[in-house]
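Note that ligands are numbered from 1 as they come in the structure, with each ligand's atoms numbered from 1 the same way.
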Amino acid sequence: MKESVGEWKVYSPATGEEIARMQETAAEQVPFIYKEARKAQVSWAAFSIKKRLAFLKKLRLLMVERMEEMAEAISQDTGKVKTEALVADIMPVIEGIRHIEKTAEKNLARQKKATPLLMFGRKSYVDYMPRGAVLVISPWNYPLQLAMIPIVSALAAGNSVVAKPSEVTPYVGVYMERLFREAGFPKGTVQFAHGGKELGALLTNAKPDYIFFTGSVRTGKIIGELAAKELIPVTLELGGKDPMIIFKDANLERAANAAIWGGFTNSGQVCMSVERVYAERTIYLEFLKLIKEKTLSLRQGASVDDDIGSMTFPAQREIVSSHIRDALEKGAILETGKYPDQWKLDEKTLFLEPMILSGADHSMKAVTEETFGPVLPIIPFDTEEEAVNLANDSKYGLNSSVWTEDLAKADRVTKQLVTGAVNINDVLGTVANHELPFGGAKQSGIGRYHGENGLRIFCHEKAVMIHSGKGKTEIQWYPYKKKYDSFLSLFKNYFGRRTNWINLIKDYIKIRKM
Ligand code: ADP
């Protein structure tokens with residue numbers, strides 16, 4: 001957590017201690033950063049994919065060596081407990097790099113494609129060409145993962161990268177910069193710009209060849225607007241208000257453990273976290289009792305054995321407070337945690353006890369807006385249809401989960417949920433599988449990464465068709481004289497109910513001779 005722009009003393013939100021002092025990137029540097037990025041990109045793209053992957057492998061091995069140090073740095077900068085830094089921020093990056101090492105050559109290779117009969121004599125394929133200098137702007141909640149995965153994906157695809165980590169967790173930004181330097185990436189291939197939103201705006205205005213943004217809907221819209229004006233391709237990974245639907249036939253013990261982990265991990269500062277629980281009315285009270293008991297047994301603190309760390313960003317605590325107050329005013333009941341009046345707001349540390357809200361409904365901000373805190377509202381439902389309607393009644397559509405032992409029912413519900421991911425009898429899992437695409441529907445964003453297209457989004461997809469060059473002309477070229485009726489006949493013979501090969505060939509030869 002950085003104290004203020006300009007000062008660059010970094011404090012831990014868990015202990016309040018100063019953990020680092022650092023240098024902000026000057027605004028005047030921006031043109032030079034891009035100049036360097038564009039220069040470096042040419043030689044980086046000229047490397048074979050194998051050679052680029054060798055750099056990524058070196059980075060991965062370095063990260064494996066440094067896991068403990070990284071977990072400490074992330075935990076200090078964000079306030080999250082070290083186990084979460086390791087399992088949910090560091091491990092997914094290491095796994096992600098290994099996935100790229102295994103799949104990049106295949107996914108970036110020339111893809112041969114079929115050529116239709118009427119394009120007789122040609123061959124078709126798709127090539128993937130790097131876009132150039134990619135700008136990656138990342139947030140503070142998973143400061144390593146949400147920066148590193150787009151960075152390494154863009155690099156593997158042959159781009160150079162300008163990374164702008166969040167000013168809320170700048171220490172992790174400096175740490176990542178050091179990792180790339182130590183892994184020996186060529187100068188200018190990946191550069192870090194450290195600063196706040198003003199620097200972010202300067203970097204987006206400097207016309208990168210692609211913008212990969214992860215953060216709030218508000219900023220996503222600003223960046224989307226700019227990208228539209230300049231026609232810069234963009235991926236926007238934004239917020240979520242993810243529903244968890246629990247049917248009466250679910251394994252309730254497992255669902256309860258999942259609900260509290262999915263809701264409170266990283267103090268709920270997760271775009272994919274469980275933010276709304278819908279429980280079938282017949283098990284609602286039993287489920288509420290279960291999650292209440294389990295929540296009360298969680299340990300909160302900064303030690304390696306604690307479950308829940310602190311919040312990261314002071315301003316976020318204000319949002320949580322306003323959502324809780326709004327819910328309580330509208331009749332919700334705070335089942336665990338403290339009322340906002342009892343929070344110790346003067347402290348430098350940002351711990352918030354996990355809060356379960358019963359009696360919640362869709363008039364409350366805690367149910368409709370992204371709270372991004374350790375808050376779990378729970379709402380009963382009566383029918384499958386009602387559960388789907390409640391889940392879809394949101395401007396967001398990132399993640400969701402469905403809990404039932406009836407997999408046909410789970411499938412039915414999954415097909416109706418307007419979200420980028422659905423986890424069945426599980427929470428948050430899809431993001432950890434790099435084979436699967438990641439991204440949101442509705443206001444949760446535009447575009448996908450991870451999966452097969454994780455590297456391809458950072459490329460121009462180029463359609464190529466080759467003709468041997470023999471032969472003077474083609475049937476659809478000039479002159480058109482007398483060709484029209486023969487084309488009608490040719491297309492009827494080809495596309496009609498049954499292809500008439502003999503007439504088709506006759507038509508073709510006839511037009512060729514015209
Ligand atoms: P979050 O609260 O999730 O961090 P933000 O959207 O505030 O979401 O910030 C995400 C990232 O976007 C941060 O790195 C921040 O500095 C950057 N940022 C904020 N505003 C702008 C902007 N107008 N242009 C470019 N980057 C921005």
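- For Tyr34 against Ala206, the heavy-atom pair with the smallest separation is CE1-CB, 3.4 Å.
- Nearest non-hydrogen protein atom to atom 23 (N) of ligand 1 is Ile222 CG2, 4.0 Å.
- The shortest N/O to N/O separation between Thr204 and ligand 1 does not fall below 3.5 Å.
- Under a cut-off of 6.0 angstrom, the local environment of NZ in Lys292 is sparse, with at most 12 non-hydrogen atoms contributed by other residues, nucleotides or ligands.
- Counted by atom type alone, His194 and Gln23 present zero donor-acceptor pairs between their side chains at under 3.5 Å.
- When each atom of ligand 1 is checked for a heavy atom of Lys164 under 4.0 Å away, the hits are 13 (C), 14 (O), 15 (C), 16 (O).
- Looking at atom 19 (C) of ligand 1, its nearest protein heavy atom turns out to be Lys197 CB, 3.3 Å.
- Cation-pi geometry between Arg178 and Tyr175 is met: the NZ or CZ atom falls under 6.0 Å from the ring centre, inside 45° of the normal.
- Looking only at heavy atoms of the protein, atom 25 (C) of ligand 1 is closest to Gly200 C, 3.2 Å.
- The protein atom (non-hydrogen) at minimum distance from atom 1 (P) of ligand 1 is Trp140 NE1, 3.5 Å.
- Heavy atoms of Glu167 found under 4.0 angstrom from ligand 1 belong exclusively to the side chain.
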TODO: Would you check, one step at a time, whether the test ring pair (Phe, Tyr, Trp, His ring centres under 6.0 Å) holds for Phe372 with Phe313?
DONE: CA-CA 10 Å; Phe372 227 57; Phe313 187 31; 9.9 Å; no

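- Numbered from 1 in the order shown, with element, the atoms of ligand 1 that lie under 4.0 Å from a heavy atom of Thr219 read 5 (P), 6 (O), 7 (O), 18 (N), 19 (C), 20 (N), 21 (C), 22 (C), 27 (C).
- Under a 4.0 Å criterion applied to the non-hydrogen atoms of Ala201, ligand 1 contributes the atoms 24 (N), 25 (C).
- Heavy atoms only, all atoms of each residue included: Thr371 and Lys241 are closest at OG1-NZ, 2.9 Å.
- Within the listing of ligand 1, atoms 11 (C), 12 (O), 14 (O), 17 (C), 25 (C), 26 (N) sit less than 4.0 angstrom from a heavy atom of Ile137.
- Taking a 6.0 Å sphere around CD1 of Ile446, one finds it holds 12 or fewer heavy atoms contributed by other residues, nucleotides or ligands.
- The nearest protein heavy atom to atom 9 (O) of ligand 1 is not closer than 4.0 Å.
- Between the side chain of Gln300 and the main chain of Gly309, a donor-acceptor pair closer than 3.5 Å is present.
- Contacts of Leu199 with ligand 1, taken as heavy-atom pairs under 4.0 Å, are absent altogether.
- Nearest heavy atom pair, residue Pro139 against residue Thr169, reads O-OG1, 4.3 Å.
- Contacts of Phe313 with ligand 1, taken as heavy-atom pairs under 4.0 Å, are absent altogether.
- The nearest protein atom to atom 13 (C) of ligand 1, hydrogens excluded, is given as Ser138 O, 3.5 Å; this is a heavy-atom distance.
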